[in-house]
2 protein chains.
Amino acid sequence: MPTTFTSIGATASRAKPTAAEIARSIVEGLEAGEFTPGQRMVEADLCLRFGVGRQIIREALQHLNAYGVVALEPNRGAHIIHVTREEAVMTLELTELLFGLVSRSAARRIAAGGNGSRLSDAIGELLASAQTDDPADYMRARRHLFAALSHIASNPELNRIMEQVRVHVMRAQFGFAAFKSGHAHELAEIGRTVLAGNSEAAEELSRAYVRRIRELLQQI
Amino acid sequence: MPTTFTSIGATASRAKPTAAEIARSIVEGLEAGEFTPGQRMVEADLCLRFGVGRQIIREALQHLNAYGVVALEPNRGAHIIHVTREEAVMTLELTELLFGLVSRSAARRIAAGGNGSRLSDAIGELLASAQTDDPADYMRARRHLFAALSHIASNPELNRIMEQVRVHVMRAQFGFAAFKSGHAHELAEIGRTVLAGNSEAAEELSRAYVRRIRELLQQI
DNA sequence: AATGCGCAGATTGTCGACAATCTGTTGACA
DNA sequence: TGTCAACAGATTGTCGACAATCTGCGCATT
C-alpha cells in the first residue's frame, strides 16, 4: 500500500482534500448554516480547518468566486456573497429559462439516448421520498432527478452553465422554505412528461415549477 | 513616484500583469489565432511569456477553466478546449434564450433606468461601423451594444452567466464568418425595439438573430 | 472635541524550492 | 520481434518564507 489514505467515508476528510473538494465542503457548510452571507473567509482560518496550505485554499476560493458563491476583492480577501431578494427573483427568472430548456432538450432526446431508466429510477425515488418526511431524502431525490434530466439533455454547455447559477447562496439565505418538499409530485410529473417525449409540455411544466418558487419568494 | 510602472498603453504589458489580465490576454490571443484549440498550455512557457511566477499563471488558468476556455486535468496541465460543431449549435441554442432574456429585460426597464442614451449611442456607433469596412469597428460597436443592453437589463446573475458562455472558443474555431458584419442593421433594429420598450418584439428579434447564426453554422 | 498622521498587527500577494506525478525511451527478456 | 519494467526528463502540485497591502488604534495638533 504505497499511497497514503486515511479516510473511509466518502465525504470524510482525506489526508489532503483537493481544492474542488474544499470548495464543495464550503458550499455544504453554507447550506448547513456554518457560514453566513457576508462573512469574511480568511485564508489562514480555512487552512487550519482543512489542514492544507494556503495555495489550495486560494484555489478553492477562486472556484467559489467563479461559481459566484464568494466575492474576491484584491488585497482584501474573500467574503460570502449576499443576495438581495430582488437578485434572487431575477436569478429565478433566469433559472426558469434554463430549466425549461433542460427539460425540453431531454424530452427530445429521451428515445435516442436509450437511458430513460435512470430517469424512471429518479422519479421512483422522488415519489418514495414524498412518503417519508426526511427532507434530506427529498433533496437527494431531487438532485438525482435534475442530474438525470441534465444527462439526457446532453447539452454540455447548458449543464456547465446551470452549475454556475448560484442556487446555493439563495438557499442559504432564504431558507429551504421555497425549495422544500410538497413539490415532489410536481417534479415527478415533469419527469413523466419528459419520459413521454412531450417536449413542449415538459418545458412549460418546468417553467411553471420555477415560476411558482419565484412567486413564493416574492410574496414573503 | 514610489510605485513602479513601466507601460503606457492600456493593453501593453505592465510590470506585473494580474491573473485576470493574463486570462484576458490569452482569450485575445485565442481569437487572434495565436493559440489553437487542443493546444497544451504549459505553465512555464506562459511564465516566460508574461514575465510572472507560476502562481499567477496558475490562477489565470483557473479563471479560463471556469470560463470554459481551457480544460484542466489533474497532474496533466491545461489545454485549450475544442468545441465540436454539435456543441457549438447547442451553445447557440442556449445563447438564444439568454440574449432574448437580456433584450426583454432591457426593454422593460428602458424607462426606469433613465440611461437609454448609452443605448442610442451604441446604435449610432453600430450604424456608423456598417459604413466603414473595418471589422474591428463593427466588433467594438457590437460589444458596446451588448454591454448597453446588459447594463439596462440590470440582472446581475444574467450578466454573470452570459460572460461564462464560451463564445470566444467558438469564434476561434469557426471563424468570424457567422459573426461578421452584415448583421449591423439587424442588431440596430433590436436596439431600437428595446428603446421603444417593446419587450416582446425585442425578445423575438434577439432570438431570431441568434437563431440565424446557429442555422448558418449548421449549414457550413 | 474633531481631524489627520503614522505605526503595529493582521491579512493577502508572490516567489523560489522541493515533492509528486506523468510521459516517452531504452533495454532486458521471452 | 513484441512486451514489459525501469529510468530520465518534463511538468504539475504543495509548502514555507518574505514582500506588499490594508485596517484599526493611539497620539499630536488645532
Side-chain angles (χ1 to χ4, degrees), chain A residues 1-7 13-26 29 35-82, chain B residues 1-7 13-26 29 35-82:
Chain A
M1 294 185 186
T3 52
T4 68
F5 66 99
T6 333
S7 80
S13 61
R14 260 196 267 162
K16 291 237 168 159
T18 193
E21 288 169 345
I22 292 177
R24 228 190 325 271
S25 287
I26 292 179
F35 304 107
T36 58
Q39 178 177 343
R40 274 193 68 191
M41 304 294 276
V42 177
E43 294 177 1
D45 295 351
L46 297 172
C47 286
L48 291 178
R49 178 169 187 145
F50 292 103
V52 294
R54 271 181 55 215
Q55 179 104 327
I56 302 182
I57 295 295
R58 221 140 210 290
E59 287 188 9
L61 289 176
Q62 302 238 329
H63 280 224
L64 292 173
N65 178 56
Y67 279 69
V69 176
V70 308
L72 233 43
E73 285 172 290
N75 286 317
R76 305 199 38 202
H79 61 88
I80 306 265
I81 282 266
H82 179 90
Chain B
M1 294 187 186
T3 51
T4 67
F5 66 100
T6 333
S7 80
S13 61
R14 260 196 267 161
K16 290 235 168 160
T18 194
E21 289 169 343
I22 291 178
R24 226 190 326 271
S25 286
I26 292 179
F35 305 107
T36 57
Q39 176 177 345
R40 277 192 67 191
M41 305 294 276
V42 177
E43 294 177 2
D45 295 351
L46 297 172
C47 286
L48 292 179
R49 179 169 186 145
F50 292 102
V52 293
R54 270 180 56 214
Q55 178 104 331
I56 303 181
I57 294 297
R58 221 140 209 291
E59 288 188 8
L61 289 176
Q62 302 238 333
H63 279 224
L64 292 173
N65 178 55
Y67 278 68
V69 176
V70 308
L72 232 43
E73 285 173 291
N75 286 316
R76 306 199 38 202
H79 61 88
I80 305 268
I81 282 266
H82 180 90

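Throughout, protein chains are lettered first and strands after them, A, B, ... in sequence-line order, and every chain is numbered starting at 1. Only this structure's heavy atoms are used, side chains among them; waters, hydrogens and symmetry mates stay out. Small disclaimer: the values here were computed from a predicted structure and weren't measured.
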Completion exercise
All heavy atoms of A60(A) vs all of A19(A), minimum pair found to be CB-O, 3.5 Å
Handout entry: Atom-to-atom span, CZ of F50(B) to P of dT14(C) - whole angstrom
Key = 15 Å
Table of protein N/O atoms under 3.5 Å from nucleotides 5-10 of chain C N/O atoms:
none

Exercise for the section: Rounded off to whole Å, could you give me the CD-to-C1' distance for the E21(A) and dT14(D) pair? Expected result: 15 Å
Fill in the blank from the handout: Whichever of P74(A) and E59(A) has the more 5' nearest nucleotide on DNA chain D, that residue is E59(A)
Exercise for the section: Applying side-chain contact (heavy atoms from CB on, under 4.5 Å), run through L61(A) and I57(A) and close with a yes or a no. Expected result: CA-CA 6 Å; L61(A) 289 176; I57(A) 295 295; 4.2 Å; yes
Exercise for the section: Return the value, rounded to whole Å, for the distance between atom CD1 of I57(B) and atom C1' of dT14(D). Expected result: 18 Å
Fill in the blank from the handout: Rounded to whole Å, the CD-C1' distance (E73(B) to dT23(C)) equals 14 Å
Report each atom pair, protein N/O against N/O of nucleotides 15-18 of chain C, whose distance is under 3.5 angstrom.
residue : atom : partner : partner atom : Å
dC15(C) : OP1  : K16(B)  : NZ           : 2.8
dC15(C) : OP2  : G53(B)  : N            : 2.9

Problem - E21(A) CD to I56(A) CD1 distance, which is reported to the nearest 0.5 Å - result: 10.0 Å
Exercise for the section: Send over the distance from L48(B) CG to dT11(D) P, rounded to a whole Å. Expected result: 11 Å
Handout entry: Between P of dA19(D) and CG of N75(A), the distance in whole Å
Key = 16 Å
Practice task
First locate atom CZ of R24(A), then atom OG1 of T18(A), and finally report the distance between them rounded to the nearest 0.5 Å.
Solution key: 9.0 Å
Exercise for the section: For L46(A) and dT11(C), give me the distance from atom CG to atom P, rounded to whole Å. Expected result: 12 Å
Handout entry: side chain to side chain contact (heavy atoms under 4.5 Å, CB included), paired with L64(A), selected from I26(A), I81(A), I22(A)
Key = I26(A)
Fill in the blank from the handout: Tightest non-hydrogen contact, residues P17(A) and F50(A), listed as CG-O, 3.8 Å
Exercise for the section: Answer yes or no: is there a side-chain heavy-atom contact under 4.5 Å between I80(B) and T36(B)? Expected result: no
Exercise for the section: Measure from the side-chain heavy atoms of R76(B) and tell me the nearest of dT23(D), dT12(D), dT23(C). Expected result: dT23(C)
Handout entry: Which atom of H79(A) lies closest to which atom of R40(A), heavy atoms considered
Key = CB-CA, 4.0 Å
Handout entry: Test item: Q55(A) and Q55(B) side chains (from C-beta on) under 4.5 Å apart, heavy atoms
Key = yes
Problem - Rounded distance in Å - CG (L61(A)) to C1' (dT12(C)) - result: 11 Å
